[in-house]
Chemist: 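I am attaching a structure below and will ask some questions about it afterwards.
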Amino acid sequence: MNAPQHFLTLLDLDSDTLRRLIERAIELKGMVQRGEIFEPLKNRTLAMVFEKSSTRTRVSFETGMAQFGGHALFLSPRDTQLGRGEPIEDTARVLSEMVDGVMIRTFEHEKIERFAEYSRVPVINALTDRFHPCQLLADMQTWFELRGDIRGAKVAWIGDGNNMCHSYINAAIRFDFRLDVACPEGYEPDADIVARAGDRVRILHDAAEAARGANLVVTDVWASMGQEEEQARREKAFAPFQVNSALMALADPDALFMHCLPAHREEEVTAEVLEGPQSVVWQEAGNRLHAQKALLEYLMA
Ligand code: CP
Ligand code: NVA
């Protein structure tokens, strides 16, 4: 049997495939809006392993599978043998005997790589400490819906060099846009991930410089899941990296604002920007459903 196609990072798929997924996501969204029933995954099952909290990811995958005529199983380490130490390799092989795909949200990226190595069914990264590729499908869909192709646009990432930032770097490679990352010293994205992007990506330590003329401004929480005890220290370091009206005023007048959510108002973004006319965060969140349906169809149908 051939190795299954996994989706652990955006780089697992080539540019053309990713662009087709975005087009397909927009089509699938139209079908839902018109009330058309489309069930390409009838009788198929997706296992969803969540080792961290989630609202959007869980609801979008579960709803997507239901709309496609399939079923999604929510598995938490608290009540599966994974939480009692059953090896990843064993779990991967057992789930592969029964389900048609596995979605995993976990801490170490290596864990999902190991799972994928032993899985006979497609594995989807639903967030690791290193990457959050599914969110980028939704972000790109939102941009394409509102502004058309993102090729050549200038994107400003303001804040932590975290999992979302890493996925933005990969998106810059695959969708061919320019990305300025502005972060405090010591919170840069991983050098090996940056290196692959060549001159498309610049790492800056000045939010204003990154935001100036940007077509899209994006941020994320200052302390990600698993970093809760660093909150106070990070609040100090990140204070000059808040996305507020003054920063947005430096961007292109038509710039959009995105945030994967959940957002912390008056920390990484002011309520004024989050609720303001340039913010597209609710459409972005809703597109998790449609973008991931396109992904599920591509990997599993
Ligand atoms: N953006 C995102 O992944 O949200 P959840 O943590 O609620 O899934
Ligand atoms: N960087 C955040 C994203 C949450 C969707 C985290 O990892 O907690």
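All residue numbers in this chain count up from 1 along the given sequence. Atoms within a ligand are numbered from 1 in the order they appear, just like the ligands themselves. This is a predicted model, so every value here is computed, not measured.
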Chemist: Kindly give the heavy-atom pair with the smallest separation between A255 and Q278, and that separation in Å.
Modeler: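 So the minimum-distance heavy-atom pair works out to O-NE2, 3.1 Å.
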Chemist: Taking the six-membered ring of F74, is the NZ or CZ of R58 close enough (under 6.0 Å from the centre) and on axis enough (within 45°)?
Modeler: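 The answer is yes; both the distance and angle limits are met.
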Chemist: Heavy atoms only, cut-off 4.0 Å: how does L127 contact ligand 2, side chain, backbone, both, or neither?
Modeler: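 Contact part for L127 vs ligand 2: side chain (C-beta onward).
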Chemist: Any idea which heavy atoms bring G148 and W143 closest together, and the distance?
Modeler: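 Heavy-atom minimum between the residues: O-CD1, 3.0 Å.
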Chemist: Measuring from the heavy atoms of R288, does anything fall under 4.0 Å of ligand 1?
Modeler: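 Right, R288 reaches ligand 1.
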Chemist: Can you list everything that forms a side chain to side chain donor-acceptor pair (under 3.5 Å) with R196? Sequence neighbours excluded, please.
Modeler: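 Residues passing side chain to side chain donor-acceptor pair (under 3.5 Å) with R196: none at all.
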Chemist: State plainly whether the residues R130 and E110 are in salt-bridge range, i.e. N to O under 4.0 Å.
Modeler: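 A salt bridge is absent here (no side-chain N lies under 4.0 Å from a carboxylate O).
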Chemist: Taking M258 as the fixed residue, which of V217, V155, T219, V218 is the one that meets the side-chain contact (heavy atoms from CB on, under 4.5 Å) rule?
Modeler: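 Going through the options one by one, the only one that passes is V218.
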Chemist: Tell me the protein heavy atom at minimum distance from atom 7 (O) of ligand 1, and give that distance in Å.
Modeler: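 For this ligand atom, the closest protein heavy atom is T55 N, 2.7 Å.
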Chemist: With atoms numbered from 1 as shown, which atoms in ligand 2 lie under 4.0 angstrom from a non-hydrogen atom of N162?
Modeler: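 Matching atoms, with element in brackets: 1 (N).
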Chemist: List the closest protein heavy-atom neighbour of atom 8 (O) of ligand 2: residue, atom name, distance to the nearest 0.1 Å.
Modeler: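 For atom 8 (O) of ligand 2, the nearest protein heavy atom is M225 N, 2.8 Å.
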Chemist: Taking N or O atoms only and a 3.5 Å limit, does D220 qualify as a polar contact for ligand 2?
Modeler: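 Yes, since at least one N or O of D220 sits under 3.5 Å from an N or O of ligand 2.
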Chemist: For atom 2 (C) of ligand 2, tell me which residue out of G226, S167, C134, S224 has the closest non-hydrogen atom.
Modeler: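 It is S224 that holds the nearest heavy atom.
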Chemist: Test of understanding: given a 4.0 Å heavy-atom threshold, classify the contact between K52 and ligand 1 as side chain, backbone, both, or neither.
Modeler: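 The answer is neither.
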Chemist: Answer yes or no: does an N/O atom from R105 fall short of 3.5 Å to an N/O atom of ligand 1?
Modeler: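 Yes; at least one N/O pair falls below 3.5 Å.
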Chemist: Which atoms of ligand 1 sit under 4.0 Å from any heavy atom of H132?
Modeler: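 Near H132, the atoms of ligand 1 are 2 (C), 3 (O).
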Chemist: Answer yes or no for K52 and F107: cation-pi contact, defined as NZ/CZ to six-membered ring centre under 6.0 Å and angle to ring axis within 45°.
Modeler: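 Yes - K52 lies over the ring of F107, closer than 6.0 Å to its centre and within 45° of its axis.
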Chemist: Below 3.5 angstrom, do we get any N/O pair linking L261 and ligand 1?
Modeler: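 Min N/O separation from ligand 1 is below 3.5 Å for L261.
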Chemist: Just let me know how L127 lines up against ligand 1, side chain, backbone, both or neither, with a heavy-atom cut-off below 4.0 Å.
Modeler: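 For L127, no heavy atom sits under 4.0 Å from ligand 1.
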Chemist: Only counting residues at least two apart or in another chain, list the ones meeting salt bridge (charged side-chain N to carboxylate O under 4.0 Å, His left out) with E39.
Modeler: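 Applying salt bridge (charged side-chain N to carboxylate O under 4.0 Å, His left out) to E39 gives K42.
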Chemist: Under a 4.0 angstrom heavy-atom cut-off, which atoms of ligand 1 come close to C260?
Modeler: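 Matching atoms, with element in brackets: 1 (N).
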Chemist: What class does the angle between the rings of F131 and H109 fall in, given that below 30° is parallel, 30 to 60° is tilted and above 60° is perpendicular?
Modeler: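 Because their plane-to-plane angle is over 60°, the rings of F131 and H109 count as perpendicular.
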Chemist: Which atoms from ligand 1 have a heavy atom of Q135 less than 4.0 Å away?
Modeler: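 Selected atoms, number and element: 1 (N), 2 (C).
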Chemist: Given the rule that I, L, V, M, F, W and Y join up when any side-chain heavy atoms are under 4.5 Å apart, are Y298 and L41 in one cluster?
Modeler: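 Linked, Y298 and L41 end up in one cluster.
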Chemist: State whether the shortest distance between N or O atoms of N163 and N or O atoms of ligand 2 falls below 3.5 angstrom.
Modeler: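 Indeed, backbone or side chain, N163 has an N or O that close.
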Chemist: Using heavy atoms and a 4.0 Å limit, tell me yes or no: is L261 in contact with ligand 2?
Modeler: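 Judged by the 4.0 Å heavy-atom criterion, L261 does count as contacting ligand 2.
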Chemist: Is it the case that over 12 heavy atoms from other parts of the model lie below 6.0 angstrom from the CD atom of E272?
Modeler: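 No, because the 6.0 Å sphere around CD of E272 holds 12 heavy atoms or fewer from other groups.
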Chemist: Look at atom 4 (O) of ligand 1 and say which protein heavy atom is nearest, naming residue and atom and giving the distance to 0.1 Å.
Modeler: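 Checked against all protein heavy atoms, atom 4 (O) of ligand 1 sits closest to R56 NE, 2.8 Å.
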